[in-house]
Q: 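My questions all concern the structure below.
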4 protein chains.
Amino acid sequence: MNAEDRPMRADARRNRVRVLRAAETVLAREGLGASMRSIAQEAGVGLGTIYRNFPTQEALYEAIIVERVQRLIDHAATLREAVDADAGDAFFGFFTEIVANSTRQRALADVLVEAGIDIKAGMSETGKAMREAVEALLARAQRAGAVREDLRMPELLALLSATCMAAERNQWDDALRARALGLLFDGFRPQRPEGWAPPPKPDRAR
Amino acid sequence: MNAEDRPMRADARRNRVRVLRAAETVLAREGLGASMRSIAQEAGVGLGTIYRNFPTQEALYEAIIVERVQRLIDHAATLREAVDADAGDAFFGFFTEIVANSTRQRALADVLVEAGIDIKAGMSETGKAMREAVEALLARAQRAGAVREDLRMPELLALLSATCMAAERNQWDDALRARALGLLFDGFRPQRPEGWAPPPKPDRAR
Amino acid sequence: MNAEDRPMRADARRNRVRVLRAAETVLAREGLGASMRSIAQEAGVGLGTIYRNFPTQEALYEAIIVERVQRLIDHAATLREAVDADAGDAFFGFFTEIVANSTRQRALADVLVEAGIDIKAGMSETGKAMREAVEALLARAQRAGAVREDLRMPELLALLSATCMAAERNQWDDALRARALGLLFDGFRPQRPEGWAPPPKPDRAR
Amino acid sequence: MNAEDRPMRADARRNRVRVLRAAETVLAREGLGASMRSIAQEAGVGLGTIYRNFPTQEALYEAIIVERVQRLIDHAATLREAVDADAGDAFFGFFTEIVANSTRQRALADVLVEAGIDIKAGMSETGKAMREAVEALLARAQRAGAVREDLRMPELLALLSATCMAAERNQWDDALRARALGLLFDGFRPQRPEGWAPPPKPDRAR
DNA sequence: CATGAATGAGTATTCATTCAT
DNA sequence: CATGAATGAATACTCATTCAT
């Protein structure tokens with residue numbers, strides 16, 4: 001009658017994690033085409049163990065994403081609370097962190113998107129939490145004047161996602177990431193005051 | 001016995017193009033999981049005909065990318081030559097065009113990347129041409145003062161690629177694309193002169 | 001160390017029955033493809049408990065059949081002893097009962113046969129008992145003149161089995177069962193006396 | 001543009017038949033649990049070839065039934081037309097034939113029923129044809145006075161199906177089949193005239 | 001040359017059975 | 001003793017690729 005939390009759950013829980021880790025590894029190594037079998041091998045468990053924990057390949061992939069997003073949310077929360085100093089640093093630091101993370105986890109993008117297309121059930125909740133975390137960071141940074149007022153969530157998320165995907169896929173190195181984010185962030189900052197004029201073009205004769 | 005470049009070449013060439021078009025269509029419709037068979041059906045040819053023109057699925061996908069990139073290169077060339085007026089418009093217009101294109105061609109990103117990871121042979125040439133085309137646009141726009149001097153090719157291409165991928169994958173609508181590119185381009189423009197200071201913060205209580 | 005027939009026997013026996021009942025239910029609901037797991041769930045026990053009582057899926061299925069046949073045997077015995085009145089009624093009533101039973105227990109046929117093909121061990125005993133029960137009913141009905149003298153066990157059992165299987169599989173409704181059995185039983189009755197001639201054909205023109 | 005009837009269709013058609021034959025063989029040998037792979041092996045073709053001809057395991061099984069039923073229908077037609085002599089012989093001969101056939105084709109019953117449960121598409125047509133063929137034989141036999149007037153299709157088909165299933169499953173030998181059908185057919189014949197009384201029971205005093 | 005039939009390795013998933021807890 | 005987690009063989013089905021016609 002009771003079957004909720006008993007002993008041996010330790011092993012089971014450990015296996016769930018092992019599968020999740022293995023899936024990340026294999027996905028990173030072999031891309032979206034990775035087979036359940038290779039994940040099982042990497043995890044050192046039987047195929048059935050995967051299916052006990054995740055009823056479906058898609059479910060496994062979704063779990064990976066949910067977990068990652070959750071980590072980011074936690075990180076965002078940490079930043080939000082820890083930094084009294086500079087809301088701008090928190091905001092930009094968060095995104096830098098996210099992208100840096102992505103770079104180390106190839107093929108998440110595949111998953112992210114493929115699964116993300118018909119994101120459902122448990123995802124929506126995580127998604128909402130993520131959205132809220134970002135929204136809070138953005139609002140604070142805008143209040144602090146570190147980010148332009150007219151920056152809105154949709155394009156922010158769109159560009160963030162774009163950057164993550166590309167960083168993962170194309171394995172940006174640290175320098176490239178820094179430069180690309182630098183450019184991007186410059187576009188996020190409050191722009192020139194009205195009435196500002198570009199310096200006279202040198203108009204180098206051809 | 002000898003057959004290098006003569007009669008039926010017309011038919012053959014026509015078939016190659018039909019396959020290429022069909023592949024784009026099907027890829028856009030069914031994503032990376034599309035089968036060679038459905039491409040053949042879409043093209044109205046037999047499976048064998050595809051394999052006559054493209055020894056491998058990968059080769060076909062590569063050909064699609066090469067062709068697309070070539071179109072972009074041509075477009076860039078047109079812009080470069082046609083516009084004496086404004087090098088900035090040419091530069092920004094080109095990227096806007098590219099991204100808008102992407103949006104209409106879902107799943108190219110899959111292909112682009114999946115195939116692009118070990119892009120080889122014929123690709124390098126096209127890639128070089130692309131690079132040169134972009135380089136020329138960038139140089140002119142910088143000379144005209146429309147783009148910051150410290151913008152370099154690697155990060156430019158990285159961000160461009162990122163934006164294209166995301167636009168395709170997530171099907172950005174026109175408004176989102178405009179806003180996202182607006183932000184991105186703001187980061188590309190010459191930034192504030194030295195000594196410039198942000199306007200005094202409103203310091204809204206609360 | 002020694003444990004043959006003592007305390008917890010109650011629980012154990014109860015579990016055996018629960019599993020048996022659950023198996024019948026699930027088999028009826030899901031057909032031959034039913035899994036051991038769903039039987040366990042239906043029974044409200046763990047998988048291991050099933051395997052403690054029945055070493056094998058096949059053994060469980062066999063047990064179901066044995067049990068059912070036993071019930072029928074008991075029923076036959078009841079009829080044989082209770083009815084002094086009419087041996088014919090006992091005979092025909094028994095078979096009607098059997099078939100009606102079958103109708104309510106879909107998928108037994110699958111089991112019956114699939115398992116029955118290599119019916120072994122414990123079965124032979126039950127089978128013999130069944131055979132004897134039927135034989136007794138038949139003999140008495142024949143002695144009473146209610147059943148033709150030349151009806152022998154093999155074809156009787158063959159047709160009985162056939163009718164049960166079909167009734168189960170095709171879910172005969174009450175009316176169909178009644179009509180089909182009516183026909184069958186007419187064939188079991190003493191046939192026309194020698195010298196009997198069919199009535200003159202109406203010889204309907206056309 | 002045209003792709004309906006070309007050469008090499010010979011091979012393809014031959015393969016379709018080979019698969020069908022192999023499926024019958026394997027089904028007879030291994031029962032309903034037979035795997036597509038063993039059918040392919042028996043047929044001496046690749047797995048893909050089966051799936052080219054029959055999109056689904058179920059479709060293959062359905063094809064087997066349709067084909068068999070078709071053969072029976074043809075047989076029925078032959079009998080109906082050929083026999084001016086005796087409509088009764090045609091009727092009883094047909095069913096004897098059907099059951100004899102079944103005996104030689106174990107496991108058709110599994111298929112017949114399993115597939116028959118959700119009989120669809122192409123089946124309904126064949127089913128209708130079968131029904132009509134039987135109906136014609138029955139009507140003629142009844143007109144000829146060889147079969148009782150009150151025998152109706154539903155119970156006729158029910159008992160026929162039952163007998164086939166059992167004959168297949170339990171591998172009735174020729175003698176058993178003859179005796180069982182004899183009994184069954186006796187029930188189909190016109191029964192005793194009204195007013196007929198059973199011969200006086202010997203009333204053996206036990 | 002074009003066609004599409006054939007091939008079979010590879011995929012996700014299920015399920016009987018075992019055994020550590 | 002009961003439990004249910006783990007196992008992995010087995011299954012239906014897909015799809016890139018080859019090759020006879």
Q: Please tell me which of Gly48(A) and Tyr51(D) maps to the more 5' nucleotide of DNA chain F, matching each residue to the nucleotide holding its nearest heavy atom.
A: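 The 5'-side residue here is Gly48(A).
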
Q: When you measure from every atom of DNA chain E, which of residues 33-47 of chain B have a heavy atom less than 4.0 Å away?
A: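 Those residues are Arg37(B), Val45(B), Gly46(B), Leu47(B).
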
Q: Nearest 0.5 Å, please: how far is CD1 in Ile50(B) from CG in Leu20(B)?
A: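 It comes to 10.5 Å.
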
Q: What is the distance from CG of Leu60(D) to P of dC13(F), rounded to the nearest Å?
A: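 Leu60(D) atom CG is separated from dC13(F) atom P by 10 Å.
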
Q: Measure from CZ on Arg52(C) to C1' on dA20(E) and round the result to the nearest Å.
A: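 In whole Å, dA20(E) C1' lies 14 Å from Arg52(C) CZ.
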
Q: Please report, rounded to the nearest Å, how far the C1' atom of dT17(F) is from the CD atom of Glu58(B).
A: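 Going from Glu58(B) (CD) to dT17(F) (C1'), I get 14 Å.
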
Q: Indicate whether OP1 or OP2 belonging to dC1(F) is found under 4.0 Å from a side-chain N or O atom of Thr49(C).
A: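 Answer is no, no contact under 4.0 Å.
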
Q: Donor-acceptor pairs under 3.5 Å, side chain of residues 38-47 of chain A to any protein atom, not counting sequence neighbours: which ones?
A:
| residue | atom | partner | partner atom | Å |
| --- | --- | --- | --- | --- |
| Ser38(A) | OG | Ser35(A) | N | 3.4 |
| Ser38(A) | OG | Ser35(A) | O | 2.9 |
| Ser38(A) | OG | Ser35(A) | OG | 3.1 |
| Glu42(A) | OE1 | Arg29(A) | NH2 | 2.6 |

Q: Between Tyr61(A) (OH) and dT11(E) (C1'), how many Å, whole number?
A: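 To the nearest whole Å, that distance equals 11 Å.
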
Q: If you look at every heavy atom in Ile64(C) and Ala23(C), which pair is closest and at what distance?
A: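 Nearest heavy atoms, Ile64(C) then Ala23(C): CD1-CB, 3.6 Å.
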
Q: What I'd like to find out is whether the side chain of Arg18(A) reaches to under 4.5 Å of the side chain of Arg14(A), using heavy atoms alone.
A: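 When only atoms from C-beta onward are counted, Arg14(A) and Arg18(A) do touch, with a gap below 4.5 Å.
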
Q: Starting at CG of Asn15(B) and ending at C1' of dT3(E), how long is that distance when rounded to a whole Å?
A: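 Nearest whole value for this atom pair: 12 Å.
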
Q: May I have the distance from Ile50(D) (atom CD1) to dA12(F) (atom C1'), rounded to whole angstrom?
A: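 Interatomic distance, CD1 of Ile50(D) to C1' of dA12(F): 11 Å.
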
Q: Arg21(D): what forms a side-chain hydrogen bond (donor to acceptor under 3.5 Å, both in side chains) with it, not counting sequence neighbours?
A: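 Expected list: Glu24(D), Glu67(D).
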
Q: Can you tell me how far C1' of dT18(E) sits from CD of Gln57(C), to the nearest Å?
A: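 Distance, rounded to whole Å: 15 Å.
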
Q: Residues in side chain to side chain contact (heavy atoms under 4.5 Å, CB included) with Gln57(D), at least two apart?
A: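 By the side chain to side chain contact (heavy atoms under 4.5 Å, CB included) rule, Gln57(D) matches Met36(D), Tyr61(D).
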
Q: Heavy-atom nearest nucleotide on DNA chain F for Thr56(D) versus Asn53(C): which residue maps closer to 5'?
A: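 It is Asn53(C) whose nearest nucleotide is closer to the 5' end.
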
Q: How far apart are the closest heavy atoms of Phe54(C) and Ala63(C), and which atoms are they?
A: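 Smallest interatomic distance, heavy atoms only, reads CE2-CB, 3.6 Å.
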
Q: So what's the dot-bracket for DNA chain F: Watson-Crick or G-U pairs under 3.5 Å, [ ] if a pair crosses, | if it pairs off-strand?
A: .||||||||||||||||||||

Q: Starting at atom CZ of Phe54(A), determine the distance to atom C1' of dA12(E), rounded to an integer number of angstrom.
A: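 Between C1' of dA12(E) and CZ of Phe54(A): 16 Å.
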
Q: Please list all pairs passing the salt bridge (charged side-chain N to carboxylate O under 4.0 Å, His left out) test where one or both residues lie in residues 48-57 of chain C, with sequence neighbours left out.
A: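 Sorted result for residues 48-57 of chain C: empty, none.
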
